[in-house]
There are 2 protein chains.
Amino acid sequence: MEEFHSGRCENCIVRQLNALKTLSKEELVRISDSKVTKSIKKGDAIFEEGEKLNGVFCVRNGVSKLSKMSDNGKDQIVKIATKGEVLGQRSVITEDKTNLSAVALNDMEVCYIPKTHLTDSINNNVQFTKAMLLQMANDLKFADDLIVNMAQKSVKQRIAETIRYLEKNFGVDQEGYIAMTLTREDIANIVGTAKEACIRTITNFKKEKWISTHGKRIKIEDDKALYRLVEGF
Amino acid sequence: MEEFHSGRCENCIVRQLNALKTLSKEELVRISDSKVTKSIKKGDAIFEEGEKLNGVFCVRNGVSKLSKMSDNGKDQIVKIATKGEVLGQRSVITEDKTNLSAVALNDMEVCYIPKTHLTDSINNNVQFTKAMLLQMANDLKFADDLIVNMAQKSVKQRIAETIRYLEKNFGVDQEGYIAMTLTREDIANIVGTAKEACIRTITNFKKEKWISTHGKRIKIEDDKALYRLVEGF
DNA sequence: CGAGCTCTTGACGGAGATCAACTTCTGTGG
DNA sequence: CCACAGAAGTTGATCTCCGTCAAGAGCTCG
(Lines give C-alpha, C1' and ligand atoms only; values in the text may rest on other atoms or scores of the structure.)
Protein backbone atom coordinates (compact mmCIF):
# COMPACT_ATOMS: atom_id res chain seq x y z
CA MET A 1 0.00 0.00 0.00
CA GLU A 2 1.83 3.04 -1.30
CA GLU A 3 1.38 6.24 0.70
CA PHE A 4 1.78 9.83 -0.39
CA HIS A 5 0.34 13.27 0.03
CA SER A 6 -1.34 14.69 -3.01
CA GLY A 7 -4.05 17.15 -3.78
CA ARG A 8 -6.04 19.20 -1.33
CA CYS A 9 -9.41 18.23 0.08
CA GLU A 10 -10.58 21.75 -0.65
CA ASN A 11 -10.26 21.01 -4.35
CA CYS A 12 -11.31 17.38 -4.31
CA ILE A 13 -14.51 16.76 -6.25
CA VAL A 14 -15.15 13.57 -4.39
CA ARG A 15 -15.92 15.59 -1.30
CA GLN A 16 -19.14 16.76 -2.92
CA LEU A 17 -20.47 13.24 -2.64
CA ASN A 18 -20.33 12.82 1.11
CA ALA A 19 -20.66 14.47 4.48
CA LEU A 20 -17.34 16.27 4.03
CA LYS A 21 -19.09 18.78 1.80
CA THR A 22 -20.59 20.43 4.88
CA LEU A 23 -17.23 21.34 6.31
CA SER A 24 -15.95 24.90 6.34
CA LYS A 25 -12.85 26.01 4.46
CA GLU A 26 -10.81 25.98 7.68
CA GLU A 27 -11.93 22.52 8.69
CA LEU A 28 -11.05 21.18 5.25
CA VAL A 29 -7.60 22.71 5.37
CA ARG A 30 -6.96 21.09 8.71
CA ILE A 31 -8.11 17.70 7.46
CA SER A 32 -6.23 18.04 4.23
CA ASP A 33 -3.00 18.63 6.12
CA SER A 34 -3.33 15.43 8.07
CA LYS A 35 -4.75 13.08 5.48
CA VAL A 36 -2.70 10.47 3.70
CA THR A 37 -3.53 9.24 0.22
CA LYS A 38 -2.95 5.56 -0.31
CA SER A 39 -2.84 3.46 -3.45
CA ILE A 40 -4.34 0.05 -3.02
CA LYS A 41 -3.92 -2.72 -5.54
CA LYS A 42 -6.76 -4.93 -6.68
CA GLY A 43 -7.30 -7.69 -4.16
CA ASP A 44 -5.54 -5.92 -1.29
CA ALA A 45 -7.38 -5.07 1.90
CA ILE A 46 -7.97 -1.52 3.09
CA PHE A 47 -8.79 -2.90 6.48
CA GLU A 48 -9.72 -6.25 7.93
CA GLU A 49 -12.58 -7.42 10.09
CA GLY A 50 -11.75 -6.97 13.77
CA GLU A 51 -9.26 -4.16 13.25
CA LYS A 52 -9.52 -1.06 15.38
CA LEU A 53 -9.83 1.89 13.02
CA ASN A 54 -8.40 5.21 14.01
CA GLY A 55 -9.76 7.03 11.04
CA VAL A 56 -11.90 6.79 7.97
CA PHE A 57 -11.11 6.15 4.33
CA CYS A 58 -12.54 8.37 1.65
CA VAL A 59 -12.65 6.59 -1.70
CA ARG A 60 -11.18 8.74 -4.47
CA ASN A 61 -11.11 6.06 -7.12
CA GLY A 62 -11.88 2.41 -7.60
CA VAL A 63 -14.36 0.05 -6.04
CA SER A 64 -14.27 -1.88 -2.81
CA LYS A 65 -16.30 -4.70 -1.32
CA LEU A 66 -17.29 -4.64 2.33
CA SER A 67 -17.66 -8.15 3.59
CA LYS A 68 -17.85 -10.23 6.70
CA MET A 69 -16.61 -13.75 7.21
CA SER A 70 -19.35 -16.06 8.39
CA ASP A 71 -18.72 -18.86 10.90
CA ASN A 72 -19.00 -21.41 8.11
CA GLY A 73 -16.00 -19.89 6.41
CA LYS A 74 -17.84 -18.07 3.65
CA ASP A 75 -17.42 -14.43 2.88
CA GLN A 76 -20.62 -12.42 2.74
CA ILE A 77 -20.48 -9.13 0.83
CA VAL A 78 -22.66 -6.56 2.54
CA LYS A 79 -21.98 -3.50 0.43
CA ILE A 80 -20.08 -2.30 -2.62
CA ALA A 81 -18.48 1.09 -2.04
CA THR A 82 -17.39 3.44 -4.80
CA LYS A 83 -15.98 6.87 -5.42
CA GLY A 84 -17.04 9.37 -2.79
CA GLU A 85 -18.08 6.90 -0.14
CA VAL A 86 -16.45 6.98 3.23
CA LEU A 87 -15.41 3.66 4.76
CA GLY A 88 -15.08 3.00 8.45
CA GLN A 89 -17.43 5.76 9.57
CA ARG A 90 -19.45 3.43 11.69
CA SER A 91 -16.65 1.96 13.73
CA VAL A 92 -15.17 5.39 14.28
CA ILE A 93 -18.50 6.55 15.69
CA THR A 94 -19.14 3.53 17.87
CA GLU A 95 -15.45 3.21 18.76
CA ASP A 96 -15.80 -0.52 18.22
CA LYS A 97 -13.62 -2.70 16.09
CA THR A 98 -14.92 -2.98 12.51
CA ASN A 99 -17.24 -5.86 11.87
CA LEU A 100 -16.42 -5.74 8.20
CA SER A 101 -13.37 -5.95 6.03
CA ALA A 102 -12.82 -3.81 2.96
CA VAL A 103 -11.05 -5.29 -0.05
CA ALA A 104 -10.29 -3.52 -3.32
CA LEU A 105 -12.09 -4.95 -6.34
CA ASN A 106 -9.80 -2.99 -8.63
CA ASP A 107 -6.94 -0.59 -8.15
CA MET A 108 -7.98 2.13 -5.75
CA GLU A 109 -6.96 5.46 -4.38
CA VAL A 110 -8.26 6.33 -0.93
CA CYS A 111 -7.58 9.14 1.49
CA TYR A 112 -7.05 8.19 5.09
CA ILE A 113 -8.35 10.80 7.52
CA PRO A 114 -7.36 10.28 11.16
CA LYS A 115 -10.22 10.18 13.60
CA THR A 116 -8.77 12.95 15.73
CA HIS A 117 -9.30 15.38 12.89
CA LEU A 118 -12.94 14.45 12.54
CA THR A 119 -14.10 14.42 16.14
CA ASP A 120 -13.73 18.18 16.38
CA SER A 121 -16.06 18.62 13.48
CA ILE A 122 -18.48 16.01 14.81
CA ASN A 123 -18.60 17.80 18.14
CA ASN A 124 -18.93 21.33 16.85
CA ASN A 125 -20.34 21.34 13.35
CA VAL A 126 -23.96 20.22 13.53
CA GLN A 127 -24.28 20.34 9.77
CA PHE A 128 -21.53 17.77 9.48
CA THR A 129 -22.98 15.50 12.12
CA LYS A 130 -26.37 15.81 10.51
CA ALA A 131 -24.96 14.87 7.12
CA MET A 132 -23.38 11.76 8.59
CA LEU A 133 -26.66 10.93 10.27
CA LEU A 134 -28.49 11.20 7.00
CA GLN A 135 -25.96 9.02 5.29
CA MET A 136 -26.20 6.39 7.96
CA ALA A 137 -30.00 6.47 7.90
CA ASN A 138 -29.90 5.71 4.20
CA ASP A 139 -27.42 2.90 4.70
CA LEU A 140 -29.71 1.45 7.32
CA LYS A 141 -32.70 1.53 5.04
CA PHE A 142 -30.71 -0.19 2.36
CA ALA A 143 -29.62 -2.82 4.86
CA ASP A 144 -33.19 -3.49 5.98
CA ASP A 145 -34.26 -4.05 2.40
CA LEU A 146 -31.36 -6.40 1.93
CA ILE A 147 -32.39 -8.43 4.98
CA VAL A 148 -35.84 -8.94 3.52
CA ASN A 149 -34.43 -9.95 0.16
CA MET A 150 -32.02 -12.40 1.68
CA ALA A 151 -34.74 -13.95 3.75
CA GLN A 152 -37.50 -14.13 1.20
CA LYS A 153 -36.17 -14.26 -2.33
CA SER A 154 -34.74 -17.16 -4.29
CA VAL A 155 -31.15 -17.29 -5.42
CA LYS A 156 -32.37 -16.74 -8.97
CA GLN A 157 -34.17 -13.56 -7.98
CA ARG A 158 -31.26 -12.24 -5.98
CA ILE A 159 -28.82 -12.83 -8.81
CA ALA A 160 -31.11 -11.06 -11.26
CA GLU A 161 -31.43 -8.20 -8.82
CA THR A 162 -27.67 -8.01 -8.34
CA ILE A 163 -26.99 -7.90 -12.07
CA ARG A 164 -29.52 -5.14 -12.48
CA TYR A 165 -28.03 -3.28 -9.54
CA LEU A 166 -24.56 -3.48 -11.05
CA GLU A 167 -25.76 -2.11 -14.37
CA LYS A 168 -27.65 0.76 -12.75
CA ASN A 169 -24.75 1.60 -10.49
CA PHE A 170 -21.82 1.28 -12.84
CA GLY A 171 -23.37 1.67 -16.25
CA VAL A 172 -22.18 -0.11 -19.37
CA ASP A 173 -19.13 0.15 -21.64
CA GLN A 174 -19.16 0.88 -25.40
CA GLU A 175 -20.15 -2.70 -26.17
CA GLY A 176 -22.99 -2.68 -23.66
CA TYR A 177 -21.30 -4.83 -21.04
CA ILE A 178 -21.70 -3.83 -17.40
CA ALA A 179 -18.78 -1.56 -16.60
CA MET A 180 -17.98 -3.41 -13.41
CA THR A 181 -16.79 -6.98 -13.69
CA LEU A 182 -16.98 -9.13 -10.62
CA THR A 183 -15.90 -12.73 -10.48
CA ARG A 184 -18.72 -15.23 -10.32
CA GLU A 185 -17.58 -16.00 -6.83
CA ASP A 186 -17.99 -12.37 -5.77
CA ILE A 187 -21.51 -12.37 -7.16
CA ALA A 188 -22.16 -15.58 -5.25
CA ASN A 189 -20.87 -13.87 -2.13
CA ILE A 190 -23.19 -10.92 -2.61
CA VAL A 191 -26.14 -13.20 -3.11
CA GLY A 192 -25.09 -15.57 -0.35
CA THR A 193 -24.96 -18.75 -2.37
CA ALA A 194 -22.42 -21.25 -3.64
CA LYS A 195 -20.27 -20.35 -6.62
CA GLU A 196 -21.69 -23.24 -8.65
CA ALA A 197 -25.29 -22.26 -8.05
CA CYS A 198 -24.43 -18.76 -9.16
CA ILE A 199 -22.74 -19.95 -12.34
CA ARG A 200 -25.60 -22.28 -13.19
CA THR A 201 -28.14 -19.52 -12.75
CA ILE A 202 -26.17 -17.15 -14.94
CA THR A 203 -25.85 -19.84 -17.61
CA ASN A 204 -29.61 -20.22 -17.42
CA PHE A 205 -30.15 -16.51 -17.89
CA LYS A 206 -27.98 -16.80 -20.99
CA LYS A 207 -30.07 -19.65 -22.34
CA GLU A 208 -33.19 -17.57 -21.78
CA LYS A 209 -31.48 -14.74 -23.72
CA TRP A 210 -31.92 -12.37 -20.77
CA ILE A 211 -28.20 -11.67 -20.68
CA SER A 212 -25.12 -12.49 -22.68
CA THR A 213 -21.58 -12.85 -21.43
CA HIS A 214 -18.03 -12.55 -22.63
CA GLY A 215 -15.64 -14.04 -20.15
CA LYS A 216 -16.69 -12.70 -16.82
CA ARG A 217 -18.29 -9.68 -18.42
CA ILE A 218 -22.08 -9.52 -18.48
CA LYS A 219 -24.46 -7.66 -20.77
CA ILE A 220 -28.15 -7.33 -20.02
CA GLU A 221 -30.25 -8.18 -23.08
CA ASP A 222 -33.74 -8.24 -21.62
CA ASP A 223 -34.02 -6.04 -18.59
CA LYS A 224 -37.80 -6.40 -18.44
CA ALA A 225 -37.51 -10.15 -18.06
CA LEU A 226 -35.03 -9.78 -15.22
CA TYR A 227 -37.28 -7.23 -13.60
CA ARG A 228 -40.29 -9.52 -13.82
CA LEU A 229 -38.28 -12.29 -12.24
CA VAL A 230 -37.19 -10.10 -9.36
CA GLU A 231 -40.72 -8.94 -8.68
CA GLY A 232 -41.87 -12.52 -8.70
CA PHE A 233 -43.93 -13.21 -11.81
CA MET B 1 -55.60 3.81 19.60
CA GLU B 2 -56.47 5.83 22.70
CA GLU B 3 -54.72 9.18 23.07
CA PHE B 4 -54.04 11.20 26.18
CA HIS B 5 -51.48 13.46 27.79
CA SER B 6 -49.82 12.06 30.84
CA GLY B 7 -46.52 12.42 32.64
CA ARG B 8 -43.71 14.72 31.73
CA CYS B 9 -40.70 13.76 29.62
CA GLU B 10 -38.50 15.43 32.21
CA ASN B 11 -39.49 12.74 34.68
CA CYS B 12 -39.74 9.81 32.30
CA ILE B 13 -37.18 7.11 33.03
CA VAL B 14 -37.43 5.73 29.54
CA ARG B 15 -35.67 8.82 28.31
CA GLN B 16 -32.43 7.59 29.88
CA LEU B 17 -32.33 4.80 27.33
CA ASN B 18 -32.19 6.86 24.18
CA ALA B 19 -30.97 10.00 22.51
CA LEU B 20 -33.49 12.13 24.39
CA LYS B 21 -31.26 11.96 27.44
CA THR B 22 -28.96 14.52 25.88
CA LEU B 23 -31.64 17.18 25.74
CA SER B 24 -31.62 20.15 28.06
CA LYS B 25 -34.35 20.85 30.58
CA GLU B 26 -35.87 23.48 28.30
CA GLU B 27 -35.87 21.27 25.26
CA LEU B 28 -37.56 18.50 27.21
CA VAL B 29 -40.24 20.80 28.49
CA ARG B 30 -40.97 21.93 24.97
CA ILE B 31 -41.20 18.38 23.70
CA SER B 32 -43.23 17.23 26.65
CA ASP B 33 -45.81 19.90 25.96
CA SER B 34 -46.36 18.72 22.43
CA LYS B 35 -46.14 14.97 22.83
CA VAL B 36 -49.15 12.67 22.88
CA THR B 37 -49.19 9.40 24.73
CA LYS B 38 -51.03 6.62 22.95
CA SER B 39 -52.21 3.23 24.13
CA ILE B 40 -51.91 0.54 21.52
CA LYS B 41 -53.51 -2.85 21.81
CA LYS B 42 -51.76 -6.08 21.01
CA GLY B 43 -51.89 -6.67 17.30
CA ASP B 44 -52.58 -3.06 16.37
CA ALA B 45 -50.21 -1.10 14.16
CA ILE B 46 -48.32 1.98 15.35
CA PHE B 47 -47.60 2.79 11.75
CA GLU B 48 -47.67 0.97 8.45
CA GLU B 49 -45.14 0.50 5.68
CA GLY B 50 -45.34 3.36 3.21
CA GLU B 51 -46.80 5.89 5.65
CA LYS B 52 -45.26 9.31 5.86
CA LEU B 53 -44.26 9.87 9.47
CA ASN B 54 -44.37 13.34 10.91
CA GLY B 55 -42.84 12.37 14.18
CA VAL B 56 -41.28 9.58 16.16
CA PHE B 57 -42.68 7.14 18.70
CA CYS B 58 -40.90 6.62 21.99
CA VAL B 59 -41.79 3.26 23.48
CA ARG B 60 -42.77 3.58 27.16
CA ASN B 61 -44.04 0.05 27.58
CA GLY B 62 -44.60 -3.11 25.62
CA VAL B 63 -42.90 -4.66 22.64
CA SER B 64 -43.25 -4.03 18.95
CA LYS B 65 -42.15 -5.82 15.80
CA LEU B 66 -40.76 -3.85 12.88
CA SER B 67 -41.44 -5.72 9.71
CA LYS B 68 -41.59 -5.36 5.97
CA MET B 69 -43.84 -7.15 3.56
CA SER B 70 -41.92 -8.99 0.89
CA ASP B 71 -43.13 -9.25 -2.71
CA ASN B 72 -44.04 -12.89 -2.14
CA GLY B 73 -46.55 -11.83 0.48
CA LYS B 74 -44.57 -12.85 3.53
CA ASP B 75 -43.85 -10.58 6.43
CA GLN B 76 -40.21 -10.28 7.39
CA ILE B 77 -39.48 -9.05 10.90
CA VAL B 78 -36.37 -6.90 10.88
CA LYS B 79 -36.22 -5.78 14.49
CA ILE B 80 -37.95 -6.15 17.84
CA ALA B 81 -38.23 -2.83 19.67
CA THR B 82 -38.80 -2.49 23.39
CA LYS B 83 -39.04 0.08 26.15
CA GLY B 84 -36.89 3.10 25.52
CA GLU B 85 -36.44 2.61 21.81
CA VAL B 86 -37.53 5.29 19.41
CA LEU B 87 -39.44 4.20 16.32
CA GLY B 88 -39.53 6.11 13.09
CA GLN B 89 -36.28 8.00 13.61
CA ARG B 90 -34.92 6.94 10.29
CA SER B 91 -37.78 8.07 8.14
CA VAL B 92 -37.96 11.37 9.99
CA ILE B 93 -34.31 11.95 9.20
CA THR B 94 -34.44 10.93 5.56
CA GLU B 95 -37.90 12.47 5.12
CA ASP B 96 -38.89 9.37 3.20
CA LYS B 97 -41.90 7.21 3.80
CA THR B 98 -41.20 4.38 6.25
CA ASN B 99 -40.07 1.16 4.69
CA LEU B 100 -41.24 -0.76 7.74
CA SER B 101 -44.42 -1.20 9.66
CA ALA B 102 -44.58 -1.38 13.44
CA VAL B 103 -47.08 -3.69 15.10
CA ALA B 104 -47.59 -4.17 18.83
CA LEU B 105 -46.74 -7.67 20.10
CA ASN B 106 -48.49 -6.89 23.37
CA ASP B 107 -50.31 -3.93 24.81
CA MET B 108 -48.12 -0.86 24.48
CA GLU B 109 -47.80 2.70 25.57
CA VAL B 110 -45.90 5.01 23.27
CA CYS B 111 -45.29 8.75 23.18
CA TYR B 112 -45.69 10.45 19.85
CA ILE B 113 -43.31 13.37 19.40
CA PRO B 114 -43.99 15.56 16.35
CA LYS B 115 -41.05 16.03 14.05
CA THR B 116 -41.23 19.80 14.27
CA HIS B 117 -40.25 19.62 17.89
CA LEU B 118 -37.21 17.53 17.17
CA THR B 119 -35.71 19.33 14.21
CA ASP B 120 -34.76 22.28 16.38
CA SER B 121 -32.77 20.02 18.63
CA ILE B 122 -31.24 18.19 15.69
CA ASN B 123 -30.14 21.47 14.18
CA ASN B 124 -28.78 23.09 17.31
CA ASN B 125 -27.86 20.49 19.88
CA VAL B 126 -24.85 18.58 18.61
CA GLN B 127 -24.95 16.23 21.56
CA PHE B 128 -28.42 15.15 20.54
CA THR B 129 -27.52 14.67 16.91
CA LYS B 130 -24.44 12.76 17.97
CA ALA B 131 -26.49 10.48 20.20
CA MET B 132 -28.83 9.70 17.33
CA LEU B 133 -25.85 9.05 15.11
CA LEU B 134 -24.43 6.61 17.62
CA GLN B 135 -27.75 4.84 17.90
CA MET B 136 -28.07 4.53 14.17
CA ALA B 137 -24.51 3.28 13.83
CA ASN B 138 -25.29 0.50 16.26
CA ASP B 139 -28.50 -0.38 14.44
CA LEU B 140 -26.53 -0.57 11.22
CA LYS B 141 -23.96 -2.90 12.69
CA PHE B 142 -26.73 -5.12 13.97
CA ALA B 143 -28.34 -5.11 10.53
CA ASP B 144 -25.09 -6.09 8.83
CA ASP B 145 -24.71 -9.03 11.15
CA LEU B 146 -28.26 -10.05 10.42
CA ILE B 147 -27.61 -9.97 6.68
CA VAL B 148 -24.73 -12.37 7.08
CA ASN B 149 -26.78 -14.70 9.26
CA MET B 150 -29.67 -14.71 6.85
CA ALA B 151 -27.38 -15.45 3.95
CA GLN B 152 -25.13 -18.05 5.51
CA LYS B 153 -26.84 -19.86 8.34
CA SER B 154 -29.37 -22.67 8.23
CA VAL B 155 -32.92 -22.27 9.48
CA LYS B 156 -32.00 -24.48 12.45
CA GLN B 157 -29.14 -22.18 13.39
CA ARG B 158 -31.21 -19.05 12.99
CA ILE B 159 -34.01 -20.39 15.15
CA ALA B 160 -31.57 -21.39 17.87
CA GLU B 161 -30.05 -17.93 17.69
CA THR B 162 -33.45 -16.27 17.87
CA ILE B 163 -34.48 -18.25 20.93
CA ARG B 164 -31.22 -17.37 22.66
CA TYR B 165 -31.68 -13.74 21.68
CA LEU B 166 -35.16 -13.65 23.14
CA GLU B 167 -33.98 -15.10 26.43
CA LYS B 168 -31.06 -12.70 26.69
CA ASN B 169 -33.23 -9.74 25.80
CA PHE B 170 -36.35 -10.42 27.79
CA GLY B 171 -35.18 -12.76 30.53
CA VAL B 172 -37.24 -15.56 32.00
CA ASP B 173 -40.27 -15.76 34.30
CA GLN B 174 -40.43 -17.55 37.65
CA GLU B 175 -40.76 -20.93 35.96
CA GLY B 176 -37.82 -20.32 33.66
CA TYR B 177 -39.81 -19.69 30.50
CA ILE B 178 -38.71 -16.86 28.23
CA ALA B 179 -40.61 -13.78 29.37
CA MET B 180 -41.58 -12.89 25.82
CA THR B 181 -43.93 -15.24 24.00
CA LEU B 182 -44.12 -14.97 20.25
CA THR B 183 -46.29 -17.12 18.05
CA ARG B 184 -44.44 -19.73 16.06
CA GLU B 185 -45.37 -17.75 13.03
CA ASP B 186 -43.67 -14.63 14.37
CA ILE B 187 -40.54 -16.64 15.05
CA ALA B 188 -40.76 -17.98 11.50
CA ASN B 189 -41.04 -14.41 10.26
CA ILE B 190 -37.95 -13.35 12.18
CA VAL B 191 -36.00 -16.27 10.80
CA GLY B 192 -37.43 -15.92 7.32
CA THR B 193 -38.82 -19.41 6.94
CA ALA B 194 -42.16 -21.16 6.71
CA LYS B 195 -44.23 -21.62 9.88
CA GLU B 196 -44.10 -25.40 9.53
CA ALA B 197 -40.32 -25.52 9.20
CA CYS B 198 -40.11 -23.40 12.31
CA ILE B 199 -42.44 -25.67 14.27
CA ARG B 200 -40.62 -28.79 13.17
CA THR B 201 -37.28 -27.37 14.21
CA ILE B 202 -38.62 -26.38 17.61
CA THR B 203 -40.10 -29.84 18.08
CA ASN B 204 -36.69 -31.23 17.25
CA PHE B 205 -35.02 -29.03 19.82
CA LYS B 206 -37.49 -30.44 22.33
CA LYS B 207 -36.63 -34.02 21.38
CA GLU B 208 -32.97 -33.20 21.85
CA LYS B 209 -33.85 -31.80 25.29
CA TRP B 210 -32.31 -28.44 24.39
CA ILE B 211 -35.56 -26.65 25.19
CA SER B 212 -38.96 -27.45 26.62
CA THR B 213 -42.25 -25.78 25.87
CA HIS B 214 -45.62 -25.14 27.41
CA GLY B 215 -48.09 -23.92 24.86
CA LYS B 216 -46.28 -21.24 22.95
CA ARG B 217 -43.94 -20.56 25.86
CA ILE B 218 -40.35 -21.72 25.54
CA LYS B 219 -37.77 -22.58 28.18
CA ILE B 220 -34.12 -23.11 27.34
CA GLU B 221 -32.78 -26.28 28.96
CA ASP B 222 -29.35 -26.60 27.38
CA ASP B 223 -28.02 -23.25 26.31
CA LYS B 224 -24.56 -24.68 25.53
CA ALA B 225 -26.04 -27.03 22.96
CA LEU B 226 -27.90 -24.20 21.27
CA TYR B 227 -24.77 -22.12 21.30
CA ARG B 228 -22.74 -24.88 19.71
CA LEU B 229 -25.34 -25.25 17.01
CA VAL B 230 -25.33 -21.54 16.24
CA GLU B 231 -21.56 -21.48 16.01
CA GLY B 232 -21.67 -24.43 13.68
CA PHE B 233 -20.28 -27.50 15.45
C1' DC C 1 -69.94 -23.72 23.41
C1' DG C 2 -68.32 -23.16 19.09
C1' DA C 3 -65.52 -20.18 15.59
C1' DG C 4 -61.32 -19.05 14.56
C1' DC C 5 -56.69 -19.06 15.72
C1' DT C 6 -52.46 -21.60 16.57
C1' DC C 7 -49.97 -25.81 16.77
C1' DT C 8 -48.57 -30.34 14.97
C1' DT C 9 -47.54 -34.02 11.78
C1' DG C 10 -47.21 -36.36 7.26
C1' DA C 11 -46.04 -36.64 2.37
C1' DC C 12 -43.87 -34.88 -1.63
C1' DG C 13 -41.05 -32.20 -4.71
C1' DG C 14 -37.77 -28.85 -5.93
C1' DA C 15 -34.02 -25.59 -5.01
C1' DG C 16 -29.66 -25.40 -3.92
C1' DA C 17 -25.29 -27.31 -1.26
C1' DT C 18 -21.48 -30.20 -1.88
C1' DC C 19 -17.97 -32.98 -4.15
C1' DA C 20 -15.41 -34.02 -8.17
C1' DA C 21 -13.52 -33.61 -12.66
C1' DC C 22 -12.34 -30.86 -16.46
C1' DT C 23 -11.63 -26.60 -19.22
C1' DT C 24 -10.42 -21.91 -19.93
C1' DC C 25 -8.30 -17.58 -18.48
C1' DT C 26 -4.63 -14.67 -16.56
C1' DG C 27 -0.64 -13.03 -15.26
C1' DT C 28 4.29 -13.82 -13.98
C1' DG C 29 8.93 -15.16 -14.77
C1' DG C 30 12.14 -17.07 -17.84
C1' DC D 1 6.91 -14.04 -26.46
C1' DC D 2 6.02 -18.39 -24.54
C1' DA D 3 5.22 -21.67 -20.87
C1' DC D 4 3.18 -22.88 -17.06
C1' DA D 5 0.97 -22.42 -12.47
C1' DG D 6 -2.81 -21.00 -10.10
C1' DA D 7 -7.29 -18.81 -10.58
C1' DA D 8 -11.64 -18.78 -12.33
C1' DG D 9 -15.32 -20.87 -14.91
C1' DT D 10 -18.23 -24.99 -16.23
C1' DT D 11 -20.77 -29.18 -15.85
C1' DG D 12 -22.55 -33.50 -13.84
C1' DA D 13 -24.22 -36.41 -10.03
C1' DT D 14 -26.03 -36.82 -5.60
C1' DC D 15 -28.18 -35.68 -1.27
C1' DT D 16 -30.34 -32.77 2.08
C1' DC D 17 -33.02 -29.07 3.62
C1' DC D 18 -36.90 -26.73 3.40
C1' DG D 19 -41.28 -24.94 1.01
C1' DT D 20 -45.89 -26.28 0.11
C1' DC D 21 -50.26 -28.59 0.51
C1' DA D 22 -53.33 -31.09 3.49
C1' DA D 23 -55.63 -32.51 7.48
C1' DG D 24 -56.34 -32.98 12.24
C1' DA D 25 -55.76 -31.58 17.31
C1' DG D 26 -55.55 -28.12 20.89
C1' DC D 27 -56.30 -23.20 22.65
C1' DT D 28 -58.75 -19.08 23.61
C1' DC D 29 -61.99 -15.63 23.60
C1' DG D 30 -66.39 -13.70 22.70
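Note that the structure is a prediction, hence the values are computed from the model and not measured. Throughout, a chain's letter reflects where its sequence line sits, starting with A, and its residues are numbered from 1. For the numbers below, each heavy atom of this structure counts, side chains included, while hydrogens, waters and symmetry mates do not.
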Please report, rounded to the nearest Å, how far the [atom2] atom of [N] is from the [atom1] atom of [X].
X	N	atom1	atom2	result
Glu196(A)	dA8(D)	CD	P	14 Å
Asn204(B)	dC17(D)	CG	P	10 Å
Ile199(A)	dA17(C)	CD1	C1'	14 Å
Asn189(B)	dC7(C)	CG	C1'	15 Å
Lys74(A)	dG16(C)	NZ	C1'	10 Å
Arg184(A)	dA8(D)	CZ	C1'	10 Å
Ile159(B)	dG19(D)	CD1	C1'	13 Å

Legend entry - Arg200(A) (side chain) and dT18(C) (base): donor-acceptor pair under 3.5 Å: yes
Inset, instruction - Classify the side chain of Glu185(B) versus the base of dC7(C) as yes if they form a donor-acceptor pair under 3.5 Å and no if they do not. - result: no
Nearest heavy-atom neighbours spanning [X] and [Y]:
X	Y	value
Phe47(B)	Leu100(B)	CE1-O, 3.5 Å
Val59(A)	Val110(A)	CA-CG1, 4.1 Å
Lys206(B)	Ser212(B)	CG-CA, 4.1 Å
Glu221(B)	Ile211(B)	CG-C, 3.7 Å

Inset, instruction - Report the nucleotide, chosen from dA17(C), dC7(C), dT11(D), that has the shortest atom-to-atom distance to any side-chain atom of Thr183(B). - result: dC7(C)
Inset, instruction - Classify the nucleic acid contact of Lys216(B) as base, sugar-phosphate or nothing, counting any heavy atom under 4.0 Å across all strands shown. - result: sugar-phosphate
Inset, instruction - Select base, sugar-phosphate, or nothing to describe what Lys42(A) touches, counting heavy atoms under 4.0 Å on all strands. - result: nothing
Legend entry - Note: Lys65(B)-Asp186(B) ion pair, threshold 4.0 Å (strictly below): yes
Legend entry - Upstream residue (5' side of DNA chain C) when Thr213(B) and Thr193(A) are each assigned their closest nucleotide: Thr213(B)
Inset, instruction - Assign each of Lys206(A) and Val155(B) to its nearest nucleotide of DNA chain D by heavy atoms, then name whichever residue's nucleotide is nearer the 5' end. - result: Lys206(A)
